[in-house]
Amino acid sequence: MAVTAAPINTPAVERSPRYNPAEIEPRWQAAWDAQPELYAAEPPTSGKPKYYVLEMLPYPSGQLHMGHVRNYAIGDALARHMWMRGYNVLHPMGWDAFGLPAENAALKNNTPPREWTLANIAAMRRQMDRLGLSYDWQREITTCLPEYYRWNQWFFLKLYERGLAYRKNSKVNWCPSCATVLANEQVVDGCCWRHELVAVEQRELEQWFLRTTNYAEELLRDLDKLPEWPEKVRTMQRNWIGRSEGALVDFTVVPDEKDGRGHRFHPVKLNLTETFMEPEPEAVKISVFTTRIDTIYGATSLQLAPEHPLVAEFAAHSEELAKNIKGLLDEQKRAREMGVLGDLEKHGFPTGHFATNPFSKEPIPIWVANYVLMDYGTGAVMSVPAHDERDFEFAKKYKLETKIVILPRQVNNAEGVQKEPLLPYTEENSLLINSGEFTGLGCQEAQQKMAAYAEEQGFGKPSVTYRLKDWGISRQRYWGTPIPIIYCATDGLVPVPEDQLPVLLPEKIDITQEGGSPLARVPEFARVTCPKCGGIARRETDTMDTFVDSSWYFYRYADPKNSHAPFEAEKIAYWFPIDQYIGGVEHAILHLIYSRFWTKMMRDLGMVKNDEPVERLFTQGMVIKNGAKMSKSKGNVVSPDDMIARYGADATRMYALFAAPPDRDLDWQEDGVAGISRFLARVYRFATQAMPQAHAGRAQPLPQQLNALEQQLLRKLHQTIRRLTQEFEGRWHFNTCIAAIMELVNDLTAQESAIGQGAVNAAVLYSITRNLILMLQAFAPYLAAELWSQMAEDTPLLRAPWPVYDEALAAEDTIQIPVQVNGKLRALISVPVAISEEDLRAAVWADTKVQAAIAGKEVVKVIVVPGKLVNLVVRATSPTTPSTDAA
RNA sequence: GCGAAAGUGGCGGAAUUGGCAGACGCACCAGACUUAGGAUCUGGCGGGUAACACCGUGGGGGUUCAAGUCCCCCCUUUCGCACCA
C-alpha cells in the first residue's frame, strides 16, 4: 500500500497569520481521515523491521478522561517516532465493549446495551480522532460484536476439549452490586474491584473455571524472561501466584473411647491425599500443609479452619461445639462484610478430639481456629507455637504447650551456654533438637529428609502450594459472551459444535433488576435442542467474564478480519511479541496475568510460538488534580474536550507529556496547558516567518564556513536532536525532550531579527526549521503537519527519516569551567573545550577572582577534572593569620 | 507488621556516570507597546545581604578535594503484600 504524498502536503487554505489550532487541527484531521492508509501497518514484505506498539484498549464509557489522553499521547509519540526511525509500525486501537455499565445504562435510560455501547464507541472515536492519534483504524476491533466474541467461544471449546475449562460447584465471590460472581483477581481487600465499598459475599454456586493453575509454575518462572517489565508488576504477580514449597503430612484422628463404638466418624477423603479405607475400623486422617516440617516435633495442636468438613462432623455430635463454630463463622462473615477480615483477633475452640503426630507418635489436641483459611493448603495446619508467630500468639492466649525443637547454630550468649531463644524463633539457619532421629540436622536438610521419610512411610509427601486459584469465568450477566454449552437431560453437558458458532447474544431483552442470569429469562435463547440427541435441552445462560475478551484481543489486531480462525499463525509470528505495551498499573494482576495465561495456552494449542505476549511493559502514572485522583465526587475532573476546545489537541497532548515524566503521577494545571499553547504559537510564528528565507536554502549543502551565529544555532539543534534520540531509546523522559525543544526555540526567537536580516545562511535556516518540525511531530502532530506542508516536501511527514545528529556540530568549542576553592564555587572561566591540562591550570591561576579567593592561603592540592571542573584545596598559610577571635 | 518507590524554590519539575543545585514551564514582580487587555515583547525571580559573606535538595551522622546523587540511623507520603501455615 503505497502512501500517496500529494494530499498530505497540500496547504489547503489560506494560513492565518497567528497560530490558530481551532482552524489548523480540524483541517488536518479531515485530511488524515480521508487517508486511512497513512497510518496503516505495512505488510511483512515491506522489508522494514516491525514494531508493535500498543496502548490498553478502553472500555467505551462514552467519554475519554485525562488518563486516556496521557496513555495515548505516550503511545502516539512512540509510534510516530518509530515510523520516522524506519520501522513498520503496528499501532491499533479497539474497544473492550462488553461489561456491566451497558446493562446499568440500559436500566437507567431504557436504551439497549448494544445501542448504548456503539454510540459510546462512536463518541470516543471522535475524541480520539480529534486528538490526532495515529491509529490504524482498519484494524479496529470491538469485543461485543459476534465477529469477535465468536472466537471467545471457539477458544472456550478448545479449552473444554483439553480439560482446561471445567465446571464445578464451589464457594465463589459474589458482588451484590454487580449481581454476579467475581474471580479472585477481581476482589480487592474483600470488596469488588468496581465497587470499592461493596463487600464481596461467598456463595455456593456451580460455575465454569479455566485451569490457570496448570500454568502457575510457568507463569511464575517466566517472569524472569520479562526483564523489561517494571519490577513492581513482576513482584505483584509473584505475590499473587504465591508459590510455597513444603510438605503434606497426615495426622490420624485418635478414636473416641467414650463413644463405645471405638469410632464414630465417617471416613473423610481429603482431596490431597489418597487414603485406602479399610471397612472397619476406619482411620480418619487430617492432611496438613506445612513449609516447616522440620519443626513438626514441636507441634502441640492441630488447627482446623471453621469450614473444614471434619469440623462439621465433630460438631454433629456436640451441641456446644456446633454453637461455637457457628459463632466463628458468623463473626468471619461480619468481618468480611466490613472489610476487616485481616484484623480479626485470633481465637478458636478445642474440639475435644485428638490426633497422632506421625513423627513423634504423640497425641495432640484438635482445635478449630479462625486464623486458618479453608481456601489455602488443606484448611488444616499443625500448630508449632515455639517456631511460628501466629501459632505463638494463639498458644499464648489459650495457654497451649510450647515445645522448642530448633536452636541457633551458634551459642547465643556470652556465658557460653545455649539458652532458650526468644520465642517465636523461626530462623532457618538452625539445628534440630528433641526431634527423634532427625535431631542434630540443619533445618533445610531436615525439611528434605523428613518429607522423604513421610513419603516412605506413607503418611505424607513433599508438596508445592500456590495461592493462585483457577479463574472463575461465569458471570450471571447479560452483556457478555455466551458460554457455548448445552445441558441435555439425556446427554448431559454438550458443547456447541464448532460449526454452529457463534452462539449469538439475543438483542431483544428486557433488562431488569431481578436476580439470576438475564439470559435465562429469554426462552428463545435458553430453550434449544440437543446437538447430539435432538431432544429438549437448555443453554448455559451465564456469560463470560469480560477479561476473557481482553486476554487475547491484541492478537486479533494482527488479523482482524479473519472469518475462519481467530488469526493466522504467520501473522502472529511476524508481529509478536508486542514490542511495547503501555497502560495503567491497575491491571498488573488482572489483565496482565490472564493474558499471559492465554498466550501460554494458545502456544500449547500450537497457535502461537511466543511464550509471552509482551516484551516491554510501561505503566504510566495517574493524572491527578490538586493532589487527588480525578473523580466526580471530588469535583476535580478535567474534560479533554474542554482542554481541546480552549487550547487545541496539540497543546493538550503536549502538556500531558511535559508536566511530568510518564511513569510518575501528573498534576494537571490548566495554566501549564496555556503555557504550552503559547510555546506552540511561538514555534508557529518563527517557522512561518522563516519559511520564505528557508526555502531558498532547500537542497543546498550547509556552507563550509559557518559564522558564529550559524554555529551556535546548529550546535543547539544537534544537541536537541541528540537529546531526543537518546530519550526515545532510553528512559522516555519526554518532559525533558519538550524542554529541550523549547530551549532551541528560545535561542531561535532570540535571534529572530538577526535572522530576518539575513544573518543566517538559508541552507542552515532550512535545516533548522525542517528538523524542528520533525522533532515536533511526536508531540504536536497537527502543528508539525501544518508547518511541514509549508516546507513543500515530497515525503509524508510520518515517513520522513528521523534526523541524525552530528557530534561535531553538537560539540561546544568553548566551555565554562567552574573553579572551586575548598569545594565552593569561586569563579567560572571560559576556555576552549580541547584545552590541555597545563593551559587550564594557567588559566585558573590567571583569573582574578581565583587569585582573590586564594590570597593569603596555601594551595595544598589541585584537582583537575578535564572538561568538568577545577577544585583548589587551600589552608591558611600560617597559624598567625589574624583569625584571633578564638579566645 | 513486611516490601518497594518517592521527598529539591510559591507550584510542576531538571540535574542520565559523585563534579556549577534549581534547566524548561507555571505563578509572581518590573518595564515596553497599547487612550483600561486573561494579547505580545524585554528583564527579574531559592533564602539572605546595600553589596559581599553566608545558608540551602525531609531530619541527623558519615565517606570524599567534591554529595540532591554513595553509606548508616530516623521521619513523612504513596503504592504493593499482610493470618498463605
Side-chain angles (χ1 to χ4, degrees), chain A residues 18 188-189 230-233 235-236 238-240 242-244 246-247 288-293 295 299 303 305 341-346 369-373 375-384 387-391 393-394 465-468 585-586 588-589 621-622 624 627 654-655 658-661 663-676 678-679 681-682 685 723 726-727 730-731 733 735-746 749-750 752 816-828 860-865 867-874:
Chain A
R18 292 203 13 205
V188 180
D189 292 333
E231 192 49 50
K232 180 187 163 114
V233 173
T235 305
M236 285 169 74
R238 253 180 229 119
N239 288 342
W240 186 257
R243 182 184 198 274
S244 286
V288 157
F289 176 72
T290 176
T291 54
R292 294 301 300 269
I293 194 173
T295 64
Q303 302 288 344
L341 194 59
D343 305 332
L344 271 188
E345 199 193 324
K346 290 181 183 45
N370 66 345
Y371 72 95
V372 181
L373 308 172
D375 56 8
Y376 183 78
T378 61
V381 304
M382 64 178 204
S383 172
V384 185
H387 308 301
D388 181 282
E389 264 173 56
R390 295 147 302 177
D391 296 340
E393 194 187 326
F394 190 85
T465 295
Y466 298 91
R467 203 179 83 122
L468 181 77
V585 76
E586 65 272 14
I589 306 265
M622 271 191 308
I624 58 177
M654 198 158 174
Y655 176 74
F658 177 67
D663 52 332
R664 294 247 293 255
D665 284 354
L666 181 159
D667 197 70
W668 195 270
Q669 295 183 0
E670 190 172 332
D671 285 337
V673 190
I676 296 288
R678 281 197 288 274
F679 164 71
R682 279 202 302 281
R685 191 193 65 207
R723 180 61 179 269
Q726 288 169 351
E727 284 295 344
R731 48 175 208 172
H733 282 196
N735 55 330
T736 62
C737 291
I738 294 167
I741 299 176
M742 285 171 170
E743 284 187 53
L744 170 64
V745 172
N746 287 349
T749 51
E752 229 166 355
Q816 302 264 307
I817 295 280
V819 181
Q820 298 180 337
V821 175
N822 283 353
K824 296 198 190 263
L825 183 69
R826 284 294 177 262
L828 281 172
V860 290
K861 200 171 175 185
V862 179
I863 285 132
V864 178
V865 185
K868 288 271 192 200
L869 144 156
V870 174
N871 191 10
L872 307 175
V873 185
V874 302

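So you know, we letter chains A, B, ... as the sequences are listed, proteins then strands, and number each from 1.
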Open item on the list: Would you measure the distance from the P atom in B:rA21 across to the matching atom in B:rU57 and give it in whole Å?
Closed with: 12 Å
TODO: Taking all non-hydrogen atoms of both residues into account, name the closest pair between A:Ile817 and A:Leu869 and its distance.
DONE: CG2-CA, 3.9 Å
Open item on the list: With a 3.5 Å distance limit and no angle check, can you tell me whether A:Asn735 reaches the backbone of A:Ala660 through a side-chain donor-acceptor pair?
Closed with: no
Open item on the list: Taking B:rC28 as the reference, what is the distance to B:rG46 when you measure between their C1' atoms (whole Å, please)?
Closed with: 14 Å
Open item on the list: Nearest to the A:Met742 side chain among B:rC54, B:rC20, B:rG25, which nucleotide is it?
Closed with: B:rG25
Task: Atom P, compared across B:rA15 and B:rC20: separation rounded to whole Å - done: 13 Å
Task: Sugar-phosphate only, base, or nothing, as touched by A:Val585 at under 4.0 Å among non-hydrogen atoms - done: nothing
Open item on the list: Restricting to ring-ring contact (aromatic ring centres under 6.0 Å, His included), what partner residues turn up for A:Tyr371, sequence neighbours left out?
Closed with: A:Phe394
Task: Gap in Å between the two C1' atoms, one belonging to B:rG80 and one to B:rG9, rounded - done: 32 Å
Open item on the list: If the condition is side-chain hydrogen bond (donor to acceptor under 3.5 Å, both in side chains), which residues does A:Arg682 pass it with, not counting sequence neighbours?
Closed with: none
Task: Polar side-chain atom of A:Tyr655 near backbone of A:Gly675 as donor-acceptor pair, under 3.5 Å - done: no
TODO: Figure out the OH/C1' separation between A:Tyr371 and B:rA85, and round it to whole Å.
DONE: 8 Å
- [ ] Examine distances only and state if a side-chain atom of A:Gln303 and a backbone atom of A:Val381 form a donor-acceptor pair shorter than 3.5 Å.
- [x] no
- [ ] Based on the glycosidic angle (syn within 90° of 0, else anti), state the conformation of B:rG9.
- [x] syn
Open item on the list: For a 4.5 angstrom cut-off between non-hydrogen side-chain atoms, does A:Arg731 reach A:Thr736?
Closed with: yes
- [ ] Please round to the nearest 0.5 Å and tell me the distance separating atom CH2 of A:Trp240 and atom CD1 of A:Ile589.
- [x] 6.5 Å
Open item on the list: Walk along nucleotides 39-49 of chain B from 5' to 3' and tag each nucleotide B, S or - by protein heavy-atom contact under 4.0 Å, base first, then sugar-phosphate.
Closed with: SSS--------
Open item on the list: Does A:Gln726, at its CD atom, have more than 12 non-hydrogen atoms belonging to other residues, nucleotides or ligands within less than 6.0 Å?
Closed with: yes
Open item on the list: Heavy atoms only, 4.0 Å cut-off, all strands: where does A:Gly675 land among base, sugar-phosphate and nothing?
Closed with: sugar-phosphate
Task: Donor-acceptor contact present, side-chain A:Asp388 to main-chain A:Ser383, <3.5 Å - done: no
Open item on the list: How many whole angstroms separate atom CD of A:Glu743 from atom P of B:rG25?
Closed with: 8 Å
- [ ] Identify the two heavy atoms, one from A:Glu345 and one from A:Asn370, that lie closest to each other, and give their separation to 0.1 Å.
- [x] O-ND2, 2.8 Å
Task: Nucleotide-resolved protein contact map, nucleotides 1-17 of chain B, B/S/- at heavy-atom distance under 4.0 Å - done: ----------SBSSSB-
Open item on the list: In dot-bracket form, 5' to 3', how is RNA chain B paired? Count Watson-Crick and G-U wobble pairs only if both distances fall under 3.5 Å, and write | where the partner sits on another strand.
Closed with: (((((((..(((......[....))).(((((.......))))).((......))..(((((..]....))))))))))))....
Task: Between B:rC33 and B:rG25 - P atom distance, rounded Å - done: 25 Å
Task: Short side-chain N/O contact from A:Thr465 to OP1 or OP2 of B:rA85, under 4.0 Å - done: no
Open item on the list: Could you check whether any side-chain heavy atom of A:Arg685 comes within less than 4.5 Å of a side-chain heavy atom of A:Thr749, counting everything from C-beta outward?
Closed with: yes
Would you tabulate the pairs of protein nitrogen or oxygen atoms and nucleotide nitrogen or oxygen atoms of nucleotides 62-68 of chain B closer than 3.5 angstrom?
from   : atom 1 : to       : atom 2 : distance (Å)
B:rC65 : O2'    : A:Asn871 : ND2    : 3.1
B:rC65 : O2     : A:Asn871 : ND2    : 2.7

Open item on the list: Rounded to whole Å, how long is the line connecting atom OH of A:Tyr376 with atom P of B:rA82?
Closed with: 12 Å
TODO: Could you check if a side-chain atom of A:Val862 sits within less than 4.5 angstrom of a side-chain atom of A:Asn871, using non-hydrogen atoms only?
DONE: no
TODO: For the residue pair A:Arg238 and A:Thr235, establish whether any side-chain heavy-atom pair is separated by less than 4.5 Å.
DONE: yes
Open item on the list: Using a 4.0 Å heavy-atom cut-off, does A:Leu828 contact any base of the nucleic acid, only the sugar-phosphate backbone, or nothing at all?
Closed with: base
